[in-house]
Amino acid sequence: MHILLVEDEIALANEICQSLRQAQYAVSHLGHGKQAIIAAQNGDVDIIILDLGLPDIDGLDVIKKIRSLQLAIPILVLTARGQLSDKINGLDAGADDYLPKPFALEELLARLRVLQRRLGTVMSSTIEISQVSLNIDSMLVTVNDTMIQLRRKEFMVLRALMERANRIVSKAQLESMLYEWGHEVSSNAIEVHVHNLRKKLPEHFITNIRGVGYCIPKSESAT
Amino acid sequence: MHSLQRLITFLLLSSVILVVTVAVLGGYRQLVLNTQQLYDGELQSVAHSLIQIPLDSSSFDSQALLSTADNGFLTIQIWQDTQLLFHTQNSPTYPVSQVPGFMDVNFLDDRWRVFMLEANDRQVIVGYSLSVRGLQTDQFIASSIWPLLIALPILVILIIGSVKFGLRPMQQLTKLLAKRSSQALQPIELDHDYAELNPVVATINRLLNEVEQGMSREKSFSGNVAHELRTPLSILALSLQNSLNEIPKDYHGRIDTQKNEVARLTRIVNQLLLLSQTHPEHHQVIWQSIPIEALTQEVISDHYSSFMAKEQSIELVCDLPSDFMYISESELFSSLLGNVLSNAHKYAPVGGKVMLWLSLDEASKSLMLRIDNEGTCPSSSTLSMMSQRFYRAPEHHHIQGAGLGLALVKQIVALHEGTITFMQSDSLGGVSVNISLPVFAGLSA
């Protein structure tokens, strides 16, 4: 996985590069927008992390130029401006995601994982949280190394929750995910699936936050 | 208040009426004078013809003379020596004038203008009634004044209309300016150019432009401050995170403290920026429909890790119609909720509970937002002071925070023209924050 970081602030760029290398990414760094366009054209770049405030050209123009060259490289925009209009402009110009500075490293890594999954090149397709392990490709779930049988929809709900560990996934979000997969969703379908899942998983593995949604808490950061 | 239009109309009308009155009076005087000269000439010629008539001859027909003169208007006396030879019915039997020439005299309850001519011991006195002459002059004047009197109201209407029409550009300017809010700073444009108004419009536009530039400078200033502060904070945060991997575990505690302080600094910078950006005088809300329930769930989700860290529980009770949309700005609404939520979390004990209610108040057409936490409630005087900027309750000084959160919340509530109140929570014992945000009619979906 080769990431191109376009950032003119050298100190920040160095820290991001180091963090990403520690997270097992290959990172190249460029300080100018024009260089970034050339690098994107030459190929060999999987994801671009782009700062909007560049010394030579506006970051938004870099995105537009890359998109006009029919390059589908995912672009994650970084900006210090942090205003809603910046976000809208960035996404309108063709960026895939947006992260306002200052950001936590965890957040950056999480966003990168989402982009990676979209590319279909996730290094590890297994998500592990405490004793539960879920493999996205084989659709196998194990608890304490013992395989458990899940229905298709139960698997989808569990996958959605495990992918977003520590975040609450609302009932509406889960419904729309199942709906995307072509299933008709009845009003209490999610409750039924979660109820069934809970019976097969360790106690307190899925937390219900009343009125908000479900969450799988994760104590330590693990990919 | 004085009205220019009324003043100009009044001045124009007064001038017209004054001039017309003076002209009519002048004309009347002239007419009276002319009539007198005309009548006087007539008297002279009548007197001259009477003085030559032989009164004793048979050709003198006194009856014919009488019928011609005796219309009450003309009076005639003919004297020979001291004998009255002829007189009309309306004249007395004594000589009305002893002096040759014109004279105004009174007899028979009337005032007369008489002319006496003397030749060969004969005196001819002719005269006419001044009151009858006056009546005739008045009739004449009246008939010539009538059209003027009819024309006057038409003139008044025309003047009022013209003044109104002529002042139209000024009224347009007034209307354009009255409609302006402090945020609509685009230049003023009149439909046509006028030499008198152009300098005014140009000056106003120049000032508007300067205000706009000043405001955008202020905006970009806070943007620049954001950039200047956020980038070093990002570097610090990442650098500390990276050094955790390079430094022996014994020193991790110190790094963690630094990380926490950087996070706190970041929060303060963000809140300060948001506080300046959302200042009601220069924040322009980009109104949009917001699915309130989903957004609230998202905000809770964003804060959930800190709740988990304190083993606190949170519950949302949403009593809104399904698919309810509120018109606001999602960033604003998120910071509003986020700040109230993080305060509820901060001041609740470990293992405590936070409850959130969303409902619609049909009577006041408002979105009601209530957030209660478990814990202790400050005194009522503290509650009333709570939303002041930087205010922190003395009993809470051990809890981290700059006290900006609630000030920001209050400002965002003000942008929505809503209200915020603090009281003791009856169900959880802590503070109950009640926010009421009006649903703007016609805007809500």
Side-chain angles (χ1 to χ4, degrees), chain A residues 7-23 51-53 78-88 99-109 164-176 187 207-219 221, chain B residues 219-220 222-246 259 262-263 265-267 269-270 273-274 277 286 288 291 293-294 296-305 307-308 313-318 329-332 334 355-358:
Chain A
E7 166 69 65
D8 62 320
E9 191 79 36
I10 301 297
L12 181 62
N14 287 342
E15 296 299 336
I16 296 177
C17 285
Q18 200 186 338
S19 303
L20 292 178
R21 284 186 190 120
Q22 276 171 6
D51 183 74
L52 280 190
L78 299 179
T79 172
R81 281 174 261 177
Q83 284 182 348
L84 182 70
S85 51
D86 291 336
K87 182 176 176 177
I88 295 170
L99 195 57
K101 288 179 191 172
F103 49 84
L105 181 60
E106 308 293 320
E107 192 63 36
L108 177 64
L109 294 177
R164 293 162 184 78
N166 271 344
R167 280 193 64 82
I168 305 171
V169 185
S170 72
K171 207 180 118 186
Q173 282 172 321
L174 286 171
E175 275 171 359
S176 72
S187 63
T207 316
N208 175 18
I209 299 96
R210 285 172 71 190
V212 188
Y214 301 98
C215 172
I216 294 178
K218 184 171 70 166
S219 46
S221 59
Chain B
K219 249 190 185 166
S220 63
S222 53
N224 291 340
V225 169
H227 189 84
E228 294 305 323
L229 289 175
R230 286 175 182 201
T231 305
L233 283 172
S234 300
I235 298 170
L236 263 178
L238 285 175
S239 162
L240 287 169
Q241 179 68 40
N242 286 335
S243 50
L244 275 176
N245 297 317
E246 296 162 357
K259 265 180 73 180
V262 168
L265 203 56
T266 305
R267 260 199 317 276
V269 164
N270 282 341
L273 281 169
L274 209 55
Q277 280 170 1
I286 307 161
Q288 58 202 150
E293 189 180 3
T296 309
Q297 289 172 337
E298 206 180 306
V299 174
I300 294 173
S301 187
D302 287 340
H303 287 77
Y304 191 58
S305 55
F307 276 80
M308 280 195 293
S313 64
I314 181 162
E315 187 179 334
L316 168 67
V317 181
C318 181
E329 191 177 298
S330 61
E331 295 273 294
L332 279 184
S334 301
M355 290 271 299
L356 244 115
W357 287 269
L358 284 173

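Small disclaimer: the values here were computed from a predicted structure and weren't measured. Within every chain, numbering begins at 1; the chains are lettered A, B, ... in the order of the sequence lines, protein sequences first and strands thereafter. Just so it is clear, the values below take in all heavy atoms, side chains as well, and ignore hydrogens, waters and symmetry mates.
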Peer 1: At a heavy-atom separation under 4.5 Å, does A:A11 approach chain B through its side chain, its backbone, both, or neither?
Peer 2: both
Peer 1: Is any side-chain heavy atom of B:F307 less than 4.5 Å from a side-chain heavy atom of A:I168?
Peer 2: no
Peer 1: Do you know which of A:R164, A:R167, A:Q173 has the most heavy-atom pairs under 4.5 Å to chain B?
Peer 2: A:R167
Peer 1: Using side-chain heavy atoms (C-beta onward) and a distance below 4.5 Å, is A:Q22 in contact with B:E246?
Peer 2: yes
Peer 1: Main chain of A:V169, side chain of B:Q297: is a donor-acceptor contact present, judged purely on distance under 3.5 Å?
Peer 2: no
Peer 1: Can you tell me how far the CG atom of B:N242 sits from the CD atom of A:Q18, to the nearest 0.5 Å?
Peer 2: 4.0 Å
Peer 1: Between atom CG of B:L316 and atom CD1 of A:I209, what is the distance when rounded to the nearest 0.5 Å?
Peer 2: 11.0 Å
Peer 1: What's the spacing between A:L105 CG and B:S234 OG if we round to 0.5 Å?
Peer 2: 11.5 Å
Peer 1: Taking salt bridge (charged side-chain N to carboxylate O under 4.0 Å, His left out) as the definition, give me every residue that meets it alongside A:R210, ordered by chain and number, with sequence neighbours left out.
Peer 2: B:E315
Peer 1: Of all heavy-atom pairs between B:E293 and A:G211, which one has the smallest distance, and what is that distance?
Peer 2: OE2-O, 4.5 Å
Peer 1: Relative to chain B, which segment of A:I16 carries a heavy atom at a distance below 4.5 Å: side chain, backbone, both, or neither?
Peer 2: both
Peer 1: State which residues pass salt bridge (charged side-chain N to carboxylate O under 4.0 Å, His left out) with A:E107; sequence neighbours excluded, sorted by chain then number.
Peer 2: A:R111
Peer 1: Look up atom CG in A:L78 and atom CZ in B:R230, then write down how far apart they are to the nearest 0.5 Å.
Peer 2: 12.5 Å
Peer 1: Atom SG in A:C215, atom CE in B:M308: separation rounded to 0.5 Å?
Peer 2: 4.5 Å
Peer 1: About how many Å separate CG of A:L20 and CG of B:L238, when rounded to the nearest 0.5 Å?
Peer 2: 9.0 Å
